[in-house]
Colleague: 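Got a structure for you, questions after.
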Protein chains: 2
Amino acid sequence: MTGCTEIRGNEGWAAEMATIRDVARAAGVSIATVSATLNGTKNVSEELRKRVLDAVGHVGYAPNGIAQSLKRGTTRLLGLILPDITNPYFAALARAAESAASARGYTVLLCNTDEDAAKESEYLRLMKTQRVAGLILALTESAPEYTAGLVEMIAVPVVLVDRVAPGAPWDSVASLNADGARRAVTHLIERGHRRIGGVFGRDSVSPIQERLAGYRTALEAASLSFDPGLVRLGCRDSEAARKAAQALLNLPDRPTAFFTSNNQVMLGVLQAVRNHGLACPADVSITGFDGLSWAEVMNPPMTTVEQPAAMIGDQAVELLLRRLEGAADEPRHVRFPTEFLVRGSSAKPPPRLAQVVAGAGRRPAKPS
Amino acid sequence: MTGCTEIRGNEGWAAEMATIRDVARAAGVSIATVSATLNGTKNVSEELRKRVLDAVGHVGYAPNGIAQSLKRGTTRLLGLILPDITNPYFAALARAAESAASARGYTVLLCNTDEDAAKESEYLRLMKTQRVAGLILALTESAPEYTAGLVEMIAVPVVLVDRVAPGAPWDSVASLNADGARRAVTHLIERGHRRIGGVFGRDSVSPIQERLAGYRTALEAASLSFDPGLVRLGCRDSEAARKAAQALLNLPDRPTAFFTSNNQVMLGVLQAVRNHGLACPADVSITGFDGLSWAEVMNPPMTTVEQPAAMIGDQAVELLLRRLEGAADEPRHVRFPTEFLVRGSSAKPPPRLAQVVAGAGRRPAKPS
DNA sequence: GCTTCCAAGCGAAACGTTTCGCTATGGCGA
DNA sequence: TCGCCATAGCGAAACGTTTCGCTTGGAAGC
């Protein structure tokens with residue numbers, strides 16, 4: 001019984017699906033009429049409509065979306081290309097995007113690039129053969145010379161999320177990263193910090209570039225000079241961030257606070273601080289970025305800049321559907337403000353270090 | 001310029017894609033030959049192969065997957081239906097599944113049911129019209145009378161993840177939930193707890209049922225009686241869990257520890273404990289479930305049962321592809337062991353309460 | 001009673017592939 | 001030299017829809 005009756009394995013599974021022909025036959029009408037009835041594209045007598053609908057239920061018909069897409073020359077598929085769905089920020093973005101898409105009758109194809117340009121290009125090829133109607137894309141690379149190549153290979157509407165690309169003819173949705181970073185660093189300065197380390201992720205994408213700019217802006221606004229020795233770029237994961245922070249902590253005149261550019265980096269920095277025998281926030285203050293519910297239950301609860309991930313995902317779909325409905329005006333660039341949440345990980349610097357800094361710095365820090 | 005030149009808005013975007021005809025014309029061969037060349041289904045002279053490949057590059061041809069699917073009668077699409085991608089456990093599962101699928105040439109359609117059976121059924125209908133080749137499904141409901149209905153409406157191979165369905169003719173992949181819960185509760189008992197509250201999520205799905213069973217098993221193994229008054233089922237979110245835990249804490253003989261059935265619930269319980277003016281683990285111990293990297297940086301670091309989410313996602317795809325390749329043997333039910341990580345959130349009960357418990361309980365607890 | 005018109009329904013082409021069966025070409029053995 | 005076979009390449013049908021334009025029949029207008 002377990003091997004003899006099964007001539008072809010698949011037969012039991014892939015039940016022969018009913019086609020529009022079967023419906024037509026069952027209802028005693030032509031297939032054109034069934035199509036017209038189901039799509040409401042033509043007037044059909046009430047009696048016939050009922051007969052068709054009955055037949056549909058009877059034969060268990062579900063329209064073949066593949067055939068529809070082929071004939072109509074368009075699909076109801078949206079590509080969603082993200083670095084990593086495991087990152088809570090992108091998960092929230094994806095969730096909102098999927099929800100908005102599905103509410104409008106679209107289905108989402110999920111892709112994780114892992115920040116790898118080769119994977120990204122492979123996925124783009126795949127999306128092309130799948131003939132997705134549009135694309136929501138978080139680039140692995142913001143440089144114009146990179147995106148220019150993509151522009152000509154993508155033939156459908158695109159909305160960029162998180163990472164923007166100057167010059168690309170696409171809509172984009174992102175946070176006001178520079179402002180978020182500026183607020184976090186300003187907060188640290190107001191708490192009395194003068195030497196503020198900056199540990200950043202891959203700086204080939206715009207959010208990191210913007211957060212770095214915000215970091216500098218805050219320093220400038222407080223008439224503090226920007227010390228490149230205090231900044232580490234390109235930390236791909238928390239391990240890299242840990243090492244970077246470790247190096248900064250070994251500096252003779254070590255930072256009393258860290259601005260970190262995302263959650264992974266924040267974790268690495270926190271680890272480095274602890275490995276160094278220091279406590280947060282007693283010895284070193286830290287601010288995070290991205291925001292997610294866990295930051296507030298951490299030890300200590302983390303001061304972070306929160307991004308409205310769900311709004312970004314939702315808005316991206318909104319813009320994409322506008323294009324799909326034919327809008328051909330100038331690219332729109334939507335920017336949402338971040339929220340800055342002060343929690344336990346940022347405090348005053350320890351008095352003795354504040355002294356040292358005051359002694360060593362160019363501008364003596366007023367004890368606040 | 002902004003309104004007159006644009007006769008049809010879409011025209012600029014949806015560039016007229018090259019078809020196999022264009023390639024054939026450019027290479028000076030028939031479309032049958034182009035197809036044979038590209039798919040390697042027939043011998044083609046080396047010279048011609050080169051000419052065809054050149055033509056492909058020249059006209060920028062990408063095969064129309066829609067037409068291929070229609071003709072071949074099968075797609076390379078996999079449906080992934082999960083409660084909520086925002087849950088780190090499901091995010092990790094989805095990530096692994098997508099990765100495995102894409103490595104084998106499949107694309108993943110993402111759906112979030114939000115634990116809503118109506119949405120689930122809507123998504124199933126959608127997957128059916130999209131003609132997905134197979135389905136990875138985390139049910140909203142494990143009851144046989146519910147799943148029986150689904151079995152007959154789904155005509156493609158299915159692999160259940162996380163939630164299993166007794167009686168359904170489908171493969172499944174999940175954790176050994178009962179064992180994980182048993183270990184966590186046993187750990188609490190060994191620490192000296194006698195009144196252990198249980199706060200659980202929706203008990204209409206198998207993992208929660210199994211974790212409840214594990215909770216009871218651990219009590220029985222320690223000759224502790226199961227007190228239904230100490231258990232709360234059906235906490236859909238952390239707010240519900242908070243209320244449930246609050247009620248338990250108001251009991252005259254309150255629990256000294258909580259077993260929680262997932263991370264959301266754990267968060268709510270932790271909140272309730274704090275709102276009650278108690279400290280974890282000094283006054284109340286807590287164990288979590290699901291596991292995710294943030295548990296270890298929480299305050300306190302949480303003792304949790306970790307599920308191998310990535311392995312589950314990976315294995316699900318593995319099983320699904322087996323079926324797609326024709327395997328028709330008995331349904332396979334894969335179960336992975338959990339990992340139990342003891343961290344800071346579980347400690348001995350405070351001495352005075354251990355006293356009270358000893359006085360009130362049926363079996364005096366030996367001070368360990 | 002004839003024409004005209006309209007609505008309802010139908011037949012067939014087309015979307016871009018794959019694949020089956022056919023033709024043509026050339027090499028080889030007898 | 002002839003016939004045969006293998007092989008490269010081709011033509012056309014088919015997958016399940018949508019849609020255009022046609023037919024049909026009955027009601028309305030004269």
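None of these values were measured; they are calculated from a predicted model. Naming: A, B, ... by sequence-line order, numbering from 1 per chain.
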Colleague: How many whole angstroms separate atom CG of Asn39(B) from atom P of dT19(C)?
Modeller: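 About 7 Å, once rounded to whole Å.
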
Colleague: Taking for each residue the nucleotide of DNA chain C with the nearest heavy atom, is it Ser30(A) or Ile31(B) whose nucleotide lies nearer the 5' end?
Modeller: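 Closer to the 5' end of DNA chain C: Ser30(A).
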
Colleague: Please state whether the phosphate of dG16(D), meaning OP1 or OP2, lies under 4.0 angstrom from any side-chain nitrogen or oxygen of Gln68(A).
Modeller: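 Checking dG16(D) against Gln68(A), no side-chain N or O comes under 4.0 Å of OP1 or OP2.
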
Colleague: So, OP1 or OP2 of dA7(C): does either fall under 4.0 Å of a side-chain N or O from Asn43(A)?
Modeller: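 For Asn43(A), the contact criterion (side-chain N or O under 4.0 Å from OP1 or OP2 of dA7(C)) is not met.
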
Colleague: Given dT18(C), dG9(D), dT18(D), identify the nucleotide with an atom nearest to the side chain of Ile20(B).
Modeller: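 Selected nucleotide: dT18(C).
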
Colleague: Take atom NZ of Lys71(A) and atom P of dT17(D), then tell me their distance rounded to the nearest Å.
Modeller: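 About 13 Å, once rounded to whole Å.
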
Colleague: Measure from the side-chain heavy atoms of Thr19(A) and tell me the nearest of dA13(D), dG16(D), dA8(C).
Modeller: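 So the side chain of Thr19(A) is nearest to dG16(D).
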
Colleague: Look at Lys119(B) together with Asp114(B) and state whether they make a salt bridge at an N to O cut-off of under 4.0 Å.
Modeller: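 Yes.
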
Colleague: Determine the contact category for Ser35(A): base if any of its heavy atoms lies under 4.0 Å from a base atom, sugar-phosphate if only primed atoms, P, OP1 or OP2 are that close, otherwise nothing.
Modeller: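 Contact class for Ser35(A): base.
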
Colleague: Roughly, in whole Å, what's the span from CG in Asn64(A) to P in dA14(D)?
Modeller: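 Atom-to-atom, Asn64(A) to dA14(D), this comes out as 18 Å.
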
Colleague: Between dT19(D) atom P and Leu38(A) atom CG, what is the distance in whole Å?
Modeller: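 Distance, rounded to whole Å: 13 Å.
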
Colleague: With a non-hydrogen cut-off below 4.0 angstrom, is Leu48(A) in contact with a base, only sugar-phosphate, or nothing?
Modeller: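 The answer is sugar-phosphate, as Leu48(A) gets under 4.0 Å only of primed atoms, P, OP1 or OP2.
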
Colleague: Short question: side chain of Arg131(A), backbone of Leu70(A) - any donor-acceptor pair under 3.5 Å?
Modeller: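 Side chain of Arg131(A) to backbone of Leu70(A), a donor-acceptor pair under 3.5 Å: no, none is there.
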
Colleague: Assess whether one donor atom and one acceptor atom, taken from the side chain of Lys42(B) and the base of dG9(D), lie less than 3.5 Å apart.
Modeller: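 In this structure, the two groups form a donor-acceptor pair.
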
Colleague: To the nearest Å, give me how far apart CD (Gln130(B)) and P (dG16(D)) are.
Modeller: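 So the two atoms are 17 Å apart, to the nearest Å.
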
Colleague: Measure from the side-chain N and O atoms of Arg163(A) to the backbone N and O of Leu139(A), and report whether any donor-acceptor pair falls under 3.5 Å.
Modeller: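 Yes.
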
Colleague: Could you state the CD1-C1' distance from Ile66(A) to dC15(C), rounded to the nearest angstrom?
Modeller: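 Taking CD1 of Ile66(A) and C1' of dC15(C), I get 13 Å after rounding.
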
Colleague: What's the shortest heavy-atom distance between Met153(B) and Arg125(B), and which atoms?
Modeller: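 Looking at all heavy atoms of both residues, the shortest contact is CE-N, 4.5 Å.
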
Colleague: Atom CZ of Arg21(B) to atom C1' of dA14(C): distance rounded to whole Å?
Modeller: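 One finds 10 Å between C1' of dA14(C) and CZ of Arg21(B), rounded.
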
Colleague: Looking at every non-hydrogen atom in both residues, tell me the closest pair between Val59(A) and Ala18(A) and how far apart they are.
Modeller: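 Closest approach of Val59(A) to Ala18(A), heavy atoms only: O-CB, 3.5 Å.
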
Colleague: Heavy-atom nearest nucleotide on DNA chain D for Thr33(B) versus Ala18(A): which residue maps closer to 5'?
Modeller: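 Closer to the 5' end of DNA chain D: Thr33(B).
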
Colleague: Rounded to the nearest Å, what distance is computed from the CG atom of residue Leu70(A) to the P atom of nucleotide dA14(D)?
Modeller: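 So the CG-P distance, Leu70(A) to dA14(D), works out to 17 Å.
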
Colleague: Looking only at side-chain N and O atoms, does Ser45(A) come under 4.0 Å of OP1 or OP2 in dG9(C)?
Modeller: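 For dG9(C), OP1 or OP2 has a side-chain N or O of Ser45(A) closer than 4.0 Å.
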
